[in-house]
Amino acid sequence: MKSVAVAHIGLYHLKKNIPCQDAVSTYETKEVTAIALADGAGSQRYSGEGASILVETFAKELAEDFQDYWDMEQEKLKETLYQIGMSKLNLAEYPLDEMGSTLLLCACHKDGRCLRLQIGDGVQLVTTVGTREIRSIQTGEQGEYINETVFFTADDAIFHMNVVKSHEIIPYGVTFMSDGLAESMYERQGGIVAEATFLMRDWLVDGDEAEVAEAIRYHMETMFSKKTKDDMSIAMVIVGEA
Amino acid sequence: MTEKLRYPAYDPQKYRLTEQQMIENPQTRVPVILSIDCSFSMLQKGRLQSVLGGIETFRQKMVEDIIAQDSVEVAVVSYGGTQAIVEQDFTPVTEMKIPQLEAKGETPLTDAVKLSLELLADRLSRYNANGISYYRPWLILIGDGDDQNAGRELVKVARELREMSEKKQVSVLCITVGERNDISYSSLMELSPDGQVQYLEDMKFEGFFSWLSESMKKVSNSLCGEDILYPQTSTWGELLSRES
């Protein structure tokens, strides 16, 4: 298994001297690789910190205790993850209502079991490695209007959590994109996935993780930033050979 | 310690993307409806002309902002005499024409709101059909008198507006104009979901439309999840509420 995760500050925050509010993380054990991506709420002062806490907590948690979570009944799984996330956020020195962020989370076992969770917006894509086949696309939950979504810190966050457990045929890949990056990678009208999305996945199949991360960061700086002023982030994992 | 290599030092051809391999999504829109009273009383002190001058100011300021000019779309509905009329359907500010408004008769405000909501519903369905995302729409009602003929229909429309506002489906801003000691705004007050009406002194339309353009710039430049801090309204208006 291979994974990569990159977050890059957008022009809007750069101009306002505000840190990047997207956060990403990967975590590997012998049998499980987890990726996580969170997009901090634009209006909340410490949302970047909240996003970082969530991705680091959950990537490690799901990778290390994959079997426990896999065995858990769905409602209990949501409740448990919510409690873990909230207790970690509560330990931080920032007000809880200033640390809102979305969350995309995936843990892939080498045997094909795949556990994914989403709260709020962002795009998650499951594809067959070596082809352009899309097994699943989820665009998460957004408010009716573009500047409204659901955050992990919301009172009714559990209600908005979307959890999927699947047995995937190997090889496959999971790609997460924040809404900023999705501006140039996913066409909302037709649900079309940009060729660039597949190419970046293929880089990971063939290349070195650190090289791929650098290449993605380079394209975020030079190309994707022309399409959005928002922060941009991506997290990918591939399971098995092409 | 060796310095970390920066892409494209590794292999630029191996890791290369082109513009053609990316997606072009349309700009997020901000729909705004200006619903303007064209009853006879709007001829007093050149109010109607002042409104038109204000709209021109708004248009100019919007066109100056590179994001707002592609994002903000304005419709104009007039109401006077016996009916409300769509003077201009939703149009990008760069293509916006200042309508020629004529004053006539009474104040069919209720009809104007109904027509505005129909226009808005049609626009939003077009956005949805074309995969265009949008910010919460704005409905701005400007008038100097009450709707004498609507009766229960006004109450019904007011309830609809209130429900839409509670569901965050529309932001409603009610503006009453005229002499301070002679303003009639009970219909606007009824229609205002938060029970507040802004009183705009005659000839302060420039100030209002400048405020509106600044607000629209903030909306069109905002990011996901961002609360928008609008400029203060006290420079041009005085807040009147049900309690006052």
Side-chain angles (χ1 to χ4, degrees), chain A residues 10 12-13 21 39-44 47 100-102 120-121 142-151 178-180 182-200 203 206-208 210-219 223-224 226-231, chain B residues 3-31 65-68 70-71 120-121 124-138 164 167-171 218-229:
Chain A
Y12 186 84
H13 286 147
Q21 293 173 334
D39 181 353
S43 60
Q44 298 185 22
S47 64
S101 84
T102 64
D121 60 20
Q142 191 175 51
E144 183 174 0
Y145 308 110
I146 192 73
N147 54 346
E148 293 168 1
T149 188
V150 186
F151 300 120
S178 66
D179 61 343
E183 276 297 308
S184 34
M185 304 292 269
Y186 177 73
E187 189 194 67
R188 287 186 293 266
Q189 182 183 4
I192 296 166
V193 176
E195 175 66 8
T197 313
F198 294 109
L199 288 174
M200 290 198 291
W203 293 348
D206 300 328
D208 171 78
E211 277 187 13
V212 173
E214 273 306 299
I216 292 173
R217 192 169 289 112
Y218 174 81
H219 283 90
M223 290 178 72
F224 299 135
K226 290 179 189 165
K227 307 270 185 181
T228 180
K229 56 189 186 295
D230 201 354
D231 296 337
Chain B
E3 194 182 331
K4 193 180 174 194
L5 284 172
R6 278 286 286 167
Y7 178 85
Y10 295 106
D11 186 350
Q13 291 312 311
K14 183 176 170 187
Y15 300 118
R16 185 167 175 271
L17 296 178
T18 63
E19 291 272 344
Q20 290 70 37
Q21 290 158 341
M22 294 160 65
I23 290 284
E24 193 76 53
N25 275 304
Q27 181 86 29
T28 302
R29 304 296 207 279
V30 188
D65 186 292
I66 54 165
I67 292 174
D70 290 336
S71 186
L120 182 60
L124 298 190
S125 68
R126 282 199 217 178
Y127 287 160
N128 290 327
N130 291 288
I132 298 171
S133 55
Y134 48 93
Y135 294 95
R136 191 185 310 176
W138 280 50
M164 289 179 73
K167 290 178 189 165
K168 299 184 175 180
Q169 291 174 335
V170 67
S171 294
K218 281 177 179 275
V219 172
S220 57
N221 281 276
S222 66
L223 294 180
C224 181
E226 184 175 13
D227 289 331
I228 299 159
L229 196 62

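Note that these values count all heavy atoms, side chains included, but never hydrogens, waters or copies made by symmetry. Quick caveat: nothing in here was measured; it's all calculated off a predicted structure. A, B, ... follow the sequence lines: proteins, then strands. Residue 1 opens every chain.
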For this session: Under 4.5 Å heavy-atom distance to chain B, tell me which part of A:Ile192 shows up: side chain, backbone, both or neither.
Result: both
Problem set entry | Atom pair CG (A:Leu199) and CZ (B:Arg16), whose distance is rounded to the nearest 0.5 Å | 11.5 Å
For this session: For A:Glu211 and B:Tyr15, work out which heavy atoms get closest and say how close.
Result: OE1-OH, 2.8 Å
For this session: Hey, could you give me the CD/CD distance between A:Glu195 and B:Gln20, rounded to the nearest 0.5 Å?
Result: 11.5 Å
Seminar exercise, completed: dist A:Glu183:CD -> B:Ile23:CD1 (nearest 0.5 Å) comes out at 11.0 Å
Seminar exercise, completed: Heavy-atom nearest pair, A:Met223 first then B:Thr18, reads CE-C, 3.4 Å
Exercise. What is the distance from atom CH2 of A:Trp203 to atom CG of B:Leu17, rounded to the nearest 0.5 Å?
Worked result: 3.5 Å
Exercise. Roughly how far apart are B:Met22 CE and A:Phe224 CZ, rounded to 0.5 Å?
Worked result: 5.0 Å
Exercise. How far does OG of A:Ser184 sit from CD of B:Glu19, to the nearest 0.5 angstrom?
Worked result: 9.0 Å
